[in-house]
K.L.:
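Could you have a look at this structure, given as structure tokens, before my questions?
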Amino acid sequence: MIDTIKELKSEILSDCYLNSITNFECYEKELESFLKEDALENQKQGISKTYLFFYENNLVGYVTLLTDTLRLEGELREFFKSKDILYKTLPAIKIGRLAVDDKFQRQGIGKNILEYALILTKMISQEYVGCRFLIVDAKRNQDHSKDSVHFYKRFGFRTLKERSKGTLPMYLDIYLK
Amino acid sequence: MAKPIRATPVLRGEDAKRFVREWLEEIEHPSKERVAFIKSAEKNKDLYLKMLNDANDRYYKRT
């Protein structure tokens, strides 16, 4: 059992971690193949950035982040004005992918990675460029314990827009009043 | 090749209204889950920032 984030180390994905990535296994094969096949290329193209998390030299999880916007459209000028919403494009950071290796599930690593993404987003917002939300496409799974919609709801994420199948877009306001 | 990262949907009409109502409600009355999560992250903020800074230092030395 990993008790604390003090035992985790993060690294930015680069060629030297290709061996570590080879051993990464996740029940969501899509999350595994993204890391093995696409994450580095996306990063080289400036599309996203992937952070790897290690525990005792084992790759235990990763998160891929990119910039995003939350866009509101339609003939709603009066409605938005009445609610003091002045911008219809709201800045966000998107969690493109987040996964924990199967061997390290249920040890709080997913929560640690999510907190890391939150702190990184708040740091960007407070020191560099405005950003108000974390956005994620949560993967559904019929097994409740593997359903990431349930995982994100536990941390206060809300549904952005209902979708009948596939992933569910969710958001979190990173600021407390 | 895995599936590309999906675009975040544009919110129109009732979806946009619902989002704004829920967001404003959340600002005024934040959920206990969101408060707990943000406070938990803030409690360890220095550790996370050190992890991030160290990772950045090593990355820029490598590249």
Side-chain angles (χ1 to χ4, degrees), chain A residues 5-6 8-12 14 16 30-31 33-34 36-38 42 47-48 51 64 66 68-74 76 79-80 83 85 88 92 94 96-97 111 114-116 118-120 122-123 135 137 153-158 160-163 166-167 169 171-177, chain B:
Chain A
I5 57 166
K6 287 176 188 167
L8 288 178
K9 183 176 155 190
S10 71
E11 296 290 356
I12 297 171
S14 56
C16 66
E30 169 64 26
L31 296 174
S33 60
F34 177 84
K36 292 177 178 176
E37 297 166 23
D38 299 332
N42 277 10
I47 304 296
S48 60
Y51 297 84
T64 297
L66 60 156
D68 199 5
T69 55
L70 207 162
R71 286 176 59 200
L72 308 170
E73 276 188 8
L76 300 166
F79 175 76
F80 290 135
K83 303 288 184 189
I85 303 293
K88 290 203 271 181
K94 182 164 194 159
R97 297 285 189 275
K111 182 188 178 202
L114 197 55
E115 287 185 350
Y116 183 95
L118 173 72
I119 293 299
L120 190 157
K122 287 196 91 164
M123 186 266 290
I135 291 177
D137 275 327
K153 277 186 177 171
R154 272 173 45 208
F155 302 116
F157 280 73
R158 303 183 74 145
L160 190 58
K161 185 178 180 178
E162 289 294 345
R163 271 187 192 142
T167 55
Y171 71 95
L172 181 95
D173 184 348
I174 66 169
Y175 280 89
L176 289 173
K177 195 175 176 183
Chain B
M1 188 174 162
K3 288 178 190 165
I5 295 165
R6 283 185 86 166
T8 297
V10 175
L11 299 182
R12 297 186 172 88
E14 283 307 311
D15 283 330
K17 283 185 175 178
R18 181 187 52 79
F19 165 76
V20 169
R21 282 194 210 103
E22 288 183 3
W23 179 33
L24 296 179
E25 174 65 19
E26 181 66 35
I27 291 171
E28 289 304 318
H29 306 287
S31 69
K32 62 180 190 306
E33 291 87 355
R34 189 167 69 94
V35 171
F37 173 57
I38 292 175
K39 286 191 171 171
S40 170
E42 292 283 354
K43 197 175 85 180
N44 293 310
K45 180 181 173 183
D46 291 345
L47 276 170
Y48 286 121
L49 287 177
K50 185 176 184 321
M51 281 169 76
L52 182 62
N53 288 333
D54 290 350
N56 270 318
D57 286 347
R58 288 189 292 268
Y59 179 70
Y60 289 112
K61 276 179 192 159
R62 283 196 303 272
T63 54

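These numbers come from a predicted model, not from an experiment. In what follows, every heavy atom counts, from backbone to side chain, and hydrogens, waters and symmetry copies are set aside.
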K.L.:
If the threshold is 4.0 Å, N to carboxylate O, is there a salt bridge linking Lys61(B) and Asp57(B)?
P.N.:
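A salt bridge is absent here (no side-chain N lies under 4.0 Å from a carboxylate O).
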
K.L.:
Tell me which of these, Leu49(B), Asp54(B), Leu52(B), Asp15(B), has more heavy-atom pairs under 4.5 Å with chain A than the rest.
P.N.:
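Top option by heavy-atom pairs under 4.5 Å: Leu52(B).
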
K.L.:
Looking only at heavy atoms and a cut-off of under 4.5 Å, which of Tyr51(A), Tyr116(A), Tyr171(A) has the most pairs with chain B?
P.N.:
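Heavy-atom pairs under 4.5 Å are most numerous for Tyr116(A).
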
K.L.:
So which part of Leu24(B) gets closer than 4.5 Å to some heavy atom of chain A, the side chain, the backbone, both or neither?
P.N.:
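Leu24(B) touches chain A through side-chain heavy atoms alone.
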
K.L.:
With sequence neighbours excluded, tell me which residues meet salt bridge (charged side-chain N to carboxylate O under 4.0 Å, His left out) with Lys45(B).
P.N.:
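With neighbours one apart ignored, the set is empty.
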
K.L.:
Heavy-atom cut-off 4.5 Å, strictly under: side chain, backbone, both or neither for Leu66(A) against chain B?
P.N.:
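For Leu66(A), side-chain heavy atoms alone lie under 4.5 Å from chain B.
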
K.L.:
Top residue by heavy-atom pair count (under 4.5 Å) with chain B, among Lys9(A), Lys36(A), Glu37(A), Glu11(A)?
P.N.:
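Looking at each of Lys9(A), Lys36(A), Glu37(A), Glu11(A) in turn, Glu11(A) comes out on top.
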
K.L.:
Is the backbone N or O of Lys3(B) less than 3.5 Å from a side-chain atom of Glu30(A), with the two atoms forming a donor-acceptor pair by type?
P.N.:
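Yes; at least one donor-acceptor contact below 3.5 Å.
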
K.L.:
Give, as side chain, backbone, both or neither, the part of Ile135(A) having an atom under 4.5 angstrom from any heavy atom of chain B.
P.N.:
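It is the side chain, since no backbone atom gets that close.
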
K.L.:
Report, as yes or no, whether the 6.0 Å neighbourhood of atom NZ on Lys88(A) holds more than 12 heavy atoms from other residues, nucleotides or ligands.
P.N.:
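Counting neighbours around NZ of Lys88(A), more than 12 heavy atoms of other residues, nucleotides or ligands fall under 6.0 Å, so yes.
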
K.L.:
Between Asp38(A) and chain B, with a heavy-atom cut-off of 4.5 Å, which part of the residue counts as in contact: side chain, backbone, both or neither?
P.N.:
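Only the side chain of Asp38(A) comes within 4.5 Å of chain B.
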
K.L.:
Using non-hydrogen atoms and a 4.5 Å limit, figure out which bit of Thr8(B) sits close to chain A: side chain, backbone, both or neither.
P.N.:
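Answer is both: backbone and side chain atoms of Thr8(B) are under 4.5 Å from chain A.
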
K.L.:
Below 4.5 Å from any heavy atom of chain A, which atoms of Lys17(B) appear? Answer side chain, backbone, both or neither.
P.N.:
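Both parts, heavy atoms under 4.5 Å.
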
K.L.:
Please flag which part of Thr167(A) lies under 4.5 Å from any non-hydrogen atom of chain B: side chain, backbone, both or neither.
P.N.:
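Both parts, heavy atoms under 4.5 Å.
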
K.L.:
With chain A, which of Glu28(B), Lys32(B), Glu22(B), Glu26(B) has the greatest number of heavy-atom pairs at distances under 4.5 Å?
P.N.:
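The option with the most such pairs is Glu22(B).
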
K.L.:
Is there side-chain contact between Thr63(B) and Ile12(A), with heavy atoms separated by less than 4.5 Å?
P.N.:
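Side-chain contact under 4.5 Å: no.
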
K.L.:
Minimum heavy-atom separation for Asn42(A) and Ser48(A), please, with both atom names.
P.N.:
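Of all heavy-atom pairs spanning Asn42(A) and Ser48(A), the closest is CB-OG, 3.3 Å.
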
K.L.:
At a 4.5 Å cut-off on heavy atoms, which part of Arg62(B) comes close to chain A: side chain, backbone, both, or neither?
P.N.:
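When you check distances to chain A, only side chain atoms of Arg62(B) fall under 4.5 Å.
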
K.L.:
Rounded to the nearest 0.5 Å, how far does OH of Tyr175(A) lie from CD1 of Ile38(B)?
P.N.:
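With rounding to 0.5 Å, CD1 (Ile38(B)) is 10.5 Å from OH (Tyr175(A)).
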
K.L.:
Any ring pair (Phe, Tyr, Trp, His ring centres under 6.0 Å) pairs touching residues 38-63 of chain B, not counting sequence neighbours?
P.N.:
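Applying ring pair (Phe, Tyr, Trp, His ring centres under 6.0 Å) to every pair that reaches into residues 38-63 of chain B, excluding sequence neighbours, yields nothing.
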
K.L.:
Can you tell me which portion of Arg154(A) sits under 4.5 Å from chain B's heavy atoms? Options are side chain, backbone, both or neither.
P.N.:
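Arg154(A) touches chain B through backbone heavy atoms alone.
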
K.L.:
Could Glu25(B) and Arg21(B) be called an ion pair, given the rule that one side-chain N must be under 4.0 Å from one carboxylate O?
P.N.:
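Between Arg21(B) and Glu25(B) there is no salt bridge, as every charged N stays at least 4.0 Å from the carboxylate O atoms.
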
K.L.:
Highest number of heavy-atom pairs under 4.5 Å with chain B: which of Ile174(A), Asp173(A), Leu118(A), Leu176(A)?
P.N.:
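If we count pairs closer than 4.5 Å to chain B, Asp173(A) comes out on top.
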
K.L.:
Please classify the contact of Lys161(A) with chain B as side chain, backbone, both or neither, using a heavy-atom distance under 4.5 Å.
P.N.:
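The answer is both parts of Lys161(A).
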
K.L.:
Let me know if Asn56(B) has heavy atoms under 4.5 Å from chain A in its side chain, its backbone, both or neither.
P.N.:
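For Asn56(B), heavy atoms of backbone and side chain both lie under 4.5 Å from chain A.
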
K.L.:
Do you know which of Leu160(A), Asp68(A), Leu172(A), Leu120(A) has the most heavy-atom pairs with chain B at a distance under 4.5 angstrom?
P.N.:
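Top option by heavy-atom pairs under 4.5 Å: Leu160(A).
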
K.L.:
To the nearest 0.5 Å, tell me how far Arg163(A) CZ sits from Arg6(B) CZ.
P.N.:
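Between Arg163(A) CZ and Arg6(B) CZ, I get 3.5 Å after rounding to 0.5 Å.
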
K.L.:
Heavy-atom pairs under 4.5 Å with chain A - which of Ser40(B), Pro30(B), Gly13(B) has more of them than the others?
P.N.:
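That would be Ser40(B).
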
K.L.:
How many angstroms lie between CD1 in Ile119(A) and CD in Glu42(B), if you round to the nearest 0.5 Å?
P.N.:
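Output value for this atom pair is 4.5 Å.
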
K.L.:
Output the option from Glu115(A), Glu73(A), Arg97(A), Met123(A) having the highest count of non-hydrogen pairs under 4.5 Å with chain B.
P.N.:
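Between Glu115(A), Glu73(A), Arg97(A), Met123(A), the count favours Glu115(A).
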
K.L.:
So does Arg71(A) have more than 12 non-hydrogen atoms from other groups sitting under 6.0 Å from CZ?
P.N.:
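Not buried by this count: 12 neighbours or fewer within 6.0 Å.
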
K.L.:
Below 4.5 Å from any heavy atom of chain A, which atoms of Arg58(B) appear? Answer side chain, backbone, both or neither.
P.N.:
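It is the side chain, since no backbone atom gets that close.
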
K.L.:
Under a 4.5 Å heavy-atom cut-off, does chain A meet the side chain of Val20(B), its backbone, both or neither?
P.N.:
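Val20(B) touches chain A through side-chain heavy atoms alone.
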
K.L.:
Looking at Ser10(A) and Met51(B), would you say the former's side chain and the latter's main chain have a donor-acceptor pair under 3.5 Å?
P.N.:
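Here the side-chain-to-backbone pair exists.
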
